[in-house]
There are 2 protein chains.
Amino acid sequence: MPRIEGKSGDGVQAVNLALSIIEHLAREQRAVGVTTLAQALGTTKSRIHRHLQTLVQEGYIVQPVDSDRYACGPRLVALGRAVSDSLDLAHVAADPLLELRDALGHSAVVSQITPDGMRVLATVPGRSAIEIGVRSGSMLSFHSSAQGKAALAFSSAEFRARVLRSKLQVFTQHTIVSPEALAAELDKVRAQGWATAPNETGIGLNTLAAPIFDSTGAVCGTVGIVDMVQFIAGTPSEDQRARTMAAAQRVSRALGHGAL
Amino acid sequence: MPRIEGKSGDGVQAVNLALSIIEHLAREQRAVGVTTLAQALGTTKSRIHRHLQTLVQEGYIVQPVDSDRYACGPRLVALGRAVSDSLDLAHVAADPLLELRDALGHSAVVSQITPDGMRVLATVPGRSAIEIGVRSGSMLSFHSSAQGKAALAFSSAEFRARVLRSKLQVFTQHTIVSPEALAAELDKVRAQGWATAPNETGIGLNTLAAPIFDSTGAVCGTVGIVDMVQFIAGTPSEDQRARTMAAAQRVSRALGHGAL
DNA sequence: TTCTAATGTATCGCTGTACGAAACAGCATT
DNA sequence: AATGCTGTTTCGTACAGCGATACATTAGAA
């Protein structure tokens with residue numbers, strides 16, 4: 001006899017239901033009764049009840065004292081915590097970075113935001129004859145790198161203001177040193193979703209960077225490509241922009257951005 | 001035929017296995033193969049494989065690219081996040097607070113740590129004739145309240161040092177104003193697990209407070225009892241101390257402290 | 001290469017688990 | 001008392017999920 005299963009095609013249906021229950025309760029953010037759950041998930045009370053008992057037994061669901069309703073328990077937050085610890089940026093970015101390099105040929109870089117600047121976590125060397133790139137582990141300033149501008153543009157207003165007030169060190173004659181000019185540049189970056197820094201970090205070099213967001217929705221780093229200015233223009237090609245932003249989005253998703 | 005079930009007595013066994021898989025992967029913090037999982041959980045490969053497919057389909061488990069192993073996915077961190085948002089201190093503390101008042105008769109209070117002091121979230125009035133207590137929503141200083149000292153004693157060394165360096169305002173002649181004396185007091189509080197502040201906030205009043213910890217292990221607030229000094233001594237009774245600390249621990253557990 | 005020994009994945013008939021309907025048990029209102 | 005809600009329990013039965021076995025890939029050894 002063929003599968004009927006209303007929810008999601010196939011799979012172990014008992015598990016599907018259990019997960020649906022947990023998800024529903026997590027979304028509700030409050031205790032819900034058996035009947036309500038049964039209606040919401042389109043099944044019977046007995047099924048829901050049996051599953052709730054299982055989940056309570058395991059500690060994933062709890063019953064608030066003096067209540068016969070059910071809500072998500074603290075064990076789920078501990079679980080999420082354990083998982084998020086294992087999802088480090090350098091690791092989940094490894095593959096998108098490789099694909100980005102393979103698609104475009106430029107060096108690819110992932111960086112992480114810190115209070116003092118952008119830390120370069122990992123790089124994948126480009127395919128040009130001359131080796132171009134930033135050293136893994138090095139620190140980039142917020143105002144003179146594509147990575148810094150991409151991250152700063154999507155940071156909180158307070159953090160952005162603090163950086164704008166700080167001393168903006170000069171690296172080349174193209175480095176933006178005026179707070180007003182930098183603020184305007186950041187507005188542009190936020191609108192377009194990517195940043196470049198032609199000749200700002202070093203003469204002849206350019207970087208294209210796009211922001212990465214974590215599961216809380218906060219910016220936590222960037223994905224970028226690095227090469228000579230003749231290969232990455234101040235306004236990069238459609239292909240370069242699309243692929244870099246797509247790679248960044250892919251990393252964001254892998255970190256849990258937009259899940260649930 | 002009777003239940004045999006190796007894992008945890010009863011419940012929907014398919015769900016039990018699925019949860020065991022997730023937990024195991026979360027604990028491992030890395031990708032694990034089907035065979036290894038089957039051995040670790042004491043079951044067959046086919047069962048594990050079928051369940052993994054279900055979990056992957058739902059997005060809770062992912063397969064790292066170019067790998068046939070399995071690891072926890074970002075959806076779990078989003079889930080944990082959603083749950084932790086619903087576990088606010090005032091809410092989970094409500095019941096332990098009531099029980100504490102019922103057991104001892106004193107006013108019971110839950111407070112939350114903030115950068116500027118301890119915020120009183122909720123109180124349960126005591127059973128004495130005269131109404132004693134702190135107003136809900138009010139702010140208590142770190143150095144002149146049992147709540148502040150209980151929280152500060154278990155805070156990070158940096159945070160503690162910052163408070164010790166700040167101006168210690170005088171409230172009564174019993175307020176501790178010397179940083180050295182306060183540091184010594186905090187060491188004592190940390191050793192014993194509770195704090196009192198007889199006549200420090202106001203003459204004739206005393207509070208007994210014990211720290212609450214969240215799922216990350218950080219102190220996030222206190223549970224306390226408030227009454228006249230003749231009812232709560234500088235060194236409270238064994239019963240008062242035990243019940244207050246037990247209530248605090250209960251709240252900690254409800255917040256996910258020590259889970260997983 | 002070819003063999004071996006791992007791995008993950010797919011298949012399939014049997015069985016005992018998880019299912020649904022319906023009865024039960026509290027607890028409010030009416 | 002009767003009614004309408006809850007959550008909980010029961011029970012016979014269908015079919016979901018089980019394990020053994022076979023298949024598909026890979027990696028290393030001979």
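Below, read A as the first sequence line, B as the second, and so on, with proteins coming before strands; counting in each chain starts at 1.
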Inset, instruction - Would you tell me whether A:H257 and A:Q249 have side-chain atoms, one donor and one acceptor, within less than 3.5 Å of each other? - result: no
Inset, instruction - Please figure out whether A:Q39 or B:T43 has its closest DNA chain D nucleotide nearer the 5' end. - result: A:Q39
Legend entry - Length of the line joining B:L52:CG and D:dC18:C1', which is rounded to integer Å: 16 Å
Inset, instruction - Examine D:dG17: is either OP1 or OP2 under 4.0 Å from a nitrogen or oxygen in the side chain of B:H51? Give yes or no. - result: no
Inset, instruction - Return the 5'-most residue of the pair A:V15, A:T36 with respect to DNA chain D, ranking by each residue's nearest nucleotide. - result: A:T36
Inset, instruction - Flag the pair A:R127 / A:H106 as yes when at least one side-chain heavy-atom distance between them is below 4.5 Å, and no otherwise. - result: no
Legend entry - Between the first and last five pairs of the helix from C:dT1-D:dA30 to C:dT30-D:dA1, the angle of the axes, rounded to 10 degrees: 30°
Inset, instruction - Would you mind reading off the distance between A:L17 atom CG and C:dT17 atom P, rounded to a whole angstrom? - result: 19 Å
Inset, instruction - Tell me whether the OP1 or OP2 atom of D:dG19 has a side-chain N or O from B:R47 closer than 4.0 Å. - result: yes
Inset, instruction - Mark yes or no for whether A:Q53, through its side chain, and A:R50, through its backbone, hold a donor-acceptor pair below 3.5 Å. - result: no
Inset, instruction - Round to a whole Å and report the spacing from CZ of B:R69 to C1' of D:dA27. - result: 13 Å
Inset, instruction - Classify the side-chain pair B:T123/B:S136 by whether it contains a donor and acceptor separated by less than 3.5 Å. - result: no
Inset, instruction - In sequence, state the C-alpha distance, the side-chain angles, and the governing distance for A:Q29 and B:D85, and then conclude on side chain to side chain contact (heavy atoms under 4.5 Å, CB included). - result: CA-CA 8 Å; A:Q29 303 260 71; B:D85 286 349; 3.9 Å; yes
Inset, instruction - Write down the distance between CG (B:L37) and C1' (C:dA6), rounded to a whole number of angstrom. - result: 16 Å
Legend entry - Length of the line joining B:L55:CG and C:dG8:C1', which is rounded to integer Å: 16 Å
Inset, instruction - Report yes if the side chains of B:I132 and B:L205 come closer than 4.5 Å at any heavy-atom pair, otherwise no. - result: yes
Inset, instruction - Give a yes/no on whether any side-chain N or O of B:Y70 is located under 4.0 angstrom from OP1 or OP2 of C:dT7. - result: no
Legend entry - Spacing between B:N16 atom CG and D:dA16 atom P, to the nearest angstrom: 20 Å
Legend entry - Nearest-angstrom distance from the residue atom CD of A:Q13 to C1' of C:dG20: 13 Å
Inset, instruction - Would you mind reporting whether B:L41 and B:S20 have side-chain heavy atoms less than 4.5 Å apart? - result: yes
Inset, instruction - Side chain of A:V12 only, please: which of D:dC18, C:dG20, D:dG17 is the nearest? - result: D:dG17
Legend entry - Phosphate OP1/OP2 of C:dT7: any B:H49 side-chain N/O under 4.0 Å: no
Inset, instruction - Report yes if at least one side-chain N or O of B:Q53 is closer than 4.0 Å to OP1 or OP2 of C:dA10; otherwise report no. - result: yes
Between the protein and nucleotides 21-29 of chain C, which nitrogen or oxygen pairs are less than 3.5 angstrom apart?
from	atom 1	to	atom 2	distance (Å)
C:dA21	N6	A:S46	OG	3.2

Legend entry - Lys/Arg-Asp/Glu bridge criterion (N-O < 4.0 Å) met for A:E23, B:R75: yes
Legend entry - ring pair (Phe, Tyr, Trp, His ring centres under 6.0 Å) partners for B:F154, two or more places apart: B:F213
Legend entry - Within-4.5 Å side-chain heavy-atom neighbours: B:R250 and B:E99: yes
